[in-house]
Amino acid sequence: MSRCGRFHECLALGLLAVAVASGGVVAWRPWPHHFAEDGSFGGNNAALVAGGEAAALGESKKYEGSSEFVKLRYHMGPVLTANITVHPIWYGSWSPSQKHILRCFLRSISAPSAPRPSVAAWWRTVRLYTDQTGANISATVVLGAERSDRRYSHGRKLSRLAIQNVIRDAVAAPRRPLPVNPRGGLYLVLTSADVAVQDFCLTACGFHYFTFPAIVGYTLPYAWAGNSAVQCPGFCAYPFAVPPFAVGLRAAERPPNGDVGVDGMVSVVAHELAEMASNPLVNAWYAGEDPSFPTEIADLCEGIYGTGGGGAYTGQMLIDGRSGAAYNVNGVGGSKFLVQWIWNPYLSYCSGPNALDHQ
C-alpha cells in the first residue's frame with residue numbers, strides 16, 4: 001500500500017469522526033462473559049457481546065464455542081499475506097525482563113522448532129484465513145525495529161486517539177524512526193503498568209485499528225495492549241488473577257514467566273495480532289453487520305485456552321512440572337505461554353494446538 005493520497009486522507013477524516021463518535025472498534029476483554037457485571041453468573045455460557053447487543057449462540061456442541069449460528073464472513077478487504085513485521089513501541093517504564101517475555105513470544109510465532117504444542121502451531125489456525133485471491137495470511141512474523149518512550153511524552157493518561165500520536169512520533173522521530181511499512185508492518189503500542197488508557201479496565205484490555213493519515217501520515221494497522229498488573233489484573237490478566245467477584249469460585253493460575261501482568265499481556269497481544277492479520281482495515285473477516293463493532297476471529301473464542309473451555313472454564317491447560325505454572329504453547333528457548341484459542345473457519349469452532357484431539 002502506497003502513501004495515502006487526498007482521497008484516502010478525506011476518507012480517514014470521515015472515519016476519524018465515526019471512531020470518535022462510536023468509540024472505535026469494540027475492544028476485547030479476556031475473562032468470560034459467563035460472569036455478569038454484578039458478580040453473578042450469566043445465563044448463557046456462549047453469549048457474545050458485539051455493539052452492546054448479546055448474541056446467544058446456543059449450547060456448544062464441542063464446548064469450544066461451536067455453533068451453527070456464528071456467521072463469520074469475509075467482506076472482501078485485505079488480509080496480511082505479505083511477510084509480517086511487528087514493531088513494538090514501549091510506552092512508559094519497562095524492565096528488561098518484561099521486554100524479554102514479550103519479545104520471546106513474538107519471535108516464537110514463526111519458530112517451528114519449538115516443542116509441541118507450539119506458538120507457531122497456534123498461528124497456523126490464523127493462517128487459514130485468506131483474501132479474495134485465495135492467498136493465506138503469511139507464515140512469516142518477525143520482530144522488527146522498536147522504539148521506547150520512557151519519558152511518557154503524551155502523559156500517563158492516554159485517549160484512544162493519543163495512541164495514534166504515539167505511533168506518529170515513532171515513525172517521524174528525527175533519529176532512528178520506525179520504518180513505514182503499510183503492506184506488512186504491524187505497530188504494537190505497549191503501555192506500562194502506571195499508564196491509564198481510555199476504556200482500559202472498564203471495557204478493554206487491548207484493541208486494534210488503523211492509523212489515520214491526518215494524524216500519522218499513513219494508514220497503518222496498529223494495536224494497543226496495556227500491563228494490567230496494578231490497575232486490573234483480575235480483569236485483563238485472567239486466569240493468572242481472578243475478578244474480585246470470582247474470588248472463592250476459582251483460584252488464580254500461576255503465570256509461566258512469573259509476571260502476572262506481562263503473562264496476561266501475552267494473550268492480549270496474541271488476540272490482537274490474530275485479528276490485525278485477518279482484519280487489518282476492519283473490512284475483511286468478522287461476524288456481524290457493523291464494522292465498527294465486529295466480532296472477530298479471536299473474539300469468538302474469548303476465555304478459551306483448552307479443550308472443554310467455555311463459560312467460566314478456561315479448558316484443559318498444561319501444567320509445568322517444575323514451576324506449577326499454567327500454559328498451553330511452547331516458544332523459543334524453552335519459553336512457555338498461555339494464549340487463547342482462535343476460531344477455525346473450516347471446523348467452525350475454536351481451536352488450538354493443545355486440543356486433546358491434536359495430541
Side-chain angles (χ1 to χ4, degrees), residues 30 80 83-115 117-124 126 137-150 163 166-167 169-171 173 176-179 181 184-195 205-206 208 220-229 236-237 240 255-277 298 320 323 325 327-340 353:
L80 296 186
N83 290 348
I84 297 169
T85 303
V86 181
H87 296 287
I89 302 172
W90 306 93
Y91 189 90
S93 178
W94 291 90
S95 71
S97 63
Q98 291 176 324
K99 289 184 176 182
H100 174 76
I101 294 169
L102 288 162
R103 286 173 181 148
C104 193
F105 171 72
L106 295 173
R107 291 190 177 108
S108 298
I109 295 175
S110 291
S113 60
S118 67
V119 177
W122 169 84
W123 187 256
R124 282 200 287 271
V126 180
I137 289 173
S138 176
T140 301
V141 181
V142 298
L143 178 63
E146 306 175 33
R147 290 284 298 183
S148 293
D149 188 339
R150 303 180 188 88
I163 298 295
V166 172
I167 298 171
D169 292 351
V171 300
R176 298 183 179 178
L178 290 185
N181 180 8
L186 298 180
Y187 299 80
L188 183 60
V189 179
L190 303 166
T191 53
S192 58
D194 55 349
V195 177
C205 303
H208 77 95
L220 304 171
Y222 77 94
W224 157 77
N227 186 335
S228 65
C236 291
F240 304 126
N257 298 288
D259 190 313
V260 168
V262 178
D263 275 305
M265 283 186 77
V266 167
S267 192
V268 179
V269 168
H271 179 116
E272 300 303 336
L273 288 178
E275 293 183 344
M276 278 199 292
D320 186 286
S323 68
Y327 71 102
N328 62 359
V329 288
N330 293 288
V332 295
S335 58
K336 303 179 187 300
F337 306 100
L338 183 70
V339 298
Q340 69 152 92

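- The shortest distance between side-chain heavy atoms of I101 and V266 falls below 4.5 Å.
- Partners of N181 according to the side chain to side chain donor-acceptor pair (under 3.5 Å) rule, which considers only residues two or more places apart in sequence or in another chain, do not exist here.
- For A121 against P353, the heavy-atom pair with the smallest separation is CB-CB, 3.6 Å.
- Annotation for V126 and A277: closest pair CG1-CB, 4.3 Å, computed over non-hydrogen atoms.
- Considering all non-hydrogen atoms of both residues, A325 and P256 come closest at CB-CA, 3.5 Å.
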Report task. Given side-chain contact (heavy atoms from CB on, under 4.5 Å), test V262 with L102 step by step and report yes or no. Result -> CA-CA 7 Å; V262 178; L102 288 162; 3.9 Å; yes
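- The side chain to side chain donor-acceptor pair (under 3.5 Å) search around N330 returns K336, not counting sequence neighbours.
- Under the ring-ring contact (aromatic ring centres under 6.0 Å, His included) criterion, Y91 pairs with no residue, sequence neighbours left out.
- In terms of the side-chain contact (heavy atoms from CB on, under 4.5 Å) criterion, residue partners of A139 (sequence neighbours excluded) are, by chain and number, R127.
- In this view, D320 satisfies the salt bridge (Lys or Arg N to Asp or Glu O under 4.0 Å) rule with no residue, not counting sequence neighbours.
- Of the possible donor and acceptor atoms, one in the side chain of D263 sits under 3.5 Å from a partner among the backbone N and O of N257.
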Report task. Take S110 and V141 through the side-chain contact (heavy atoms from CB on, under 4.5 Å) test and state the conclusion after the steps. Result -> CA-CA 6 Å; S110 291; V141 181; 3.8 Å; yes
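- In terms of modelled atom types and a separation under 3.5 Å, the side chain of S192 and the main chain of W94 share no donor-acceptor contact.
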Query - Check against side-chain contact (heavy atoms from CB on, under 4.5 Å), L273 and I109 - result: CA-CA 10 Å; L273 288 178; I109 295 175; 3.8 Å; yes
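- Under the rule for a side chain to side chain donor-acceptor pair (under 3.5 Å), S335 has no partner lying at least two apart in sequence or in another chain.
- Across G144 and T85, no two heavy atoms sit closer than the pair CA-CG2, 3.5 Å.
- Residues that satisfy the salt bridge (Lys or Arg N to Asp or Glu O under 4.0 Å) test with R103, not counting sequence neighbours, are E146.
- Using a 4.5 Å cut-off on side-chain heavy atoms (C-beta onward), P221 and L186 make contact.
- The side-chain heavy atoms of P88 and L143, taken from C-beta on, include a pair separated by under 4.5 Å.
- Smallest separation of non-hydrogen atoms from D259 and P255: N-CG, 3.9 Å.
- Applying the side chain to side chain donor-acceptor pair (under 3.5 Å) criterion to S228, with sequence neighbours excluded, gives no partner residue.
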Query - Residue pair W224, T191: steps toward the side chain to side chain donor-acceptor pair (under 3.5 Å) verdict - result: CA-CA 8 Å; W224 157 77; T191 53; 2.9 Å; yes
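- The side-chain contact (heavy atoms from CB on, under 4.5 Å) search around A114 returns S118, not counting sequence neighbours.
- Remark: the backbone N or O of Q340 is not paired with any side-chain donor or acceptor of N328 at under 3.5 angstrom.
- Here Y327 pairs with nothing under the ring-ring contact (aromatic ring centres under 6.0 Å, His included) rule; sequence neighbours left out.
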Report task. Please lay out, stage by stage, how R147 and R176 fare under the test side-chain contact (heavy atoms from CB on, under 4.5 Å). Result -> CA-CA 9 Å; R147 290 284 298 183; R176 298 183 179 178; 4.1 Å; yes
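- For Y222, the ring-ring contact (aromatic ring centres under 6.0 Å, His included) criterion is met by no residue, not counting sequence neighbours.
- The nearest pair of heavy atoms linking F337 to S108 is CE1-OG, 4.0 Å.
- Under the side-chain contact (heavy atoms from CB on, under 4.5 Å) criterion, S138 pairs with N83, I84, T140, not counting sequence neighbours.
- Note: L178 CG to D169 CG = 10.5 Å, rounded to the nearest 0.5 Å.
- Taking NE2 of H208 as the start and CE of M276 as the end, the distance is 7.5 Å to the nearest 0.5 Å.
- Of the possible polar contacts, none joining the H87 side chain to the Y187 backbone as a donor-acceptor pair under 3.5 Å is found.
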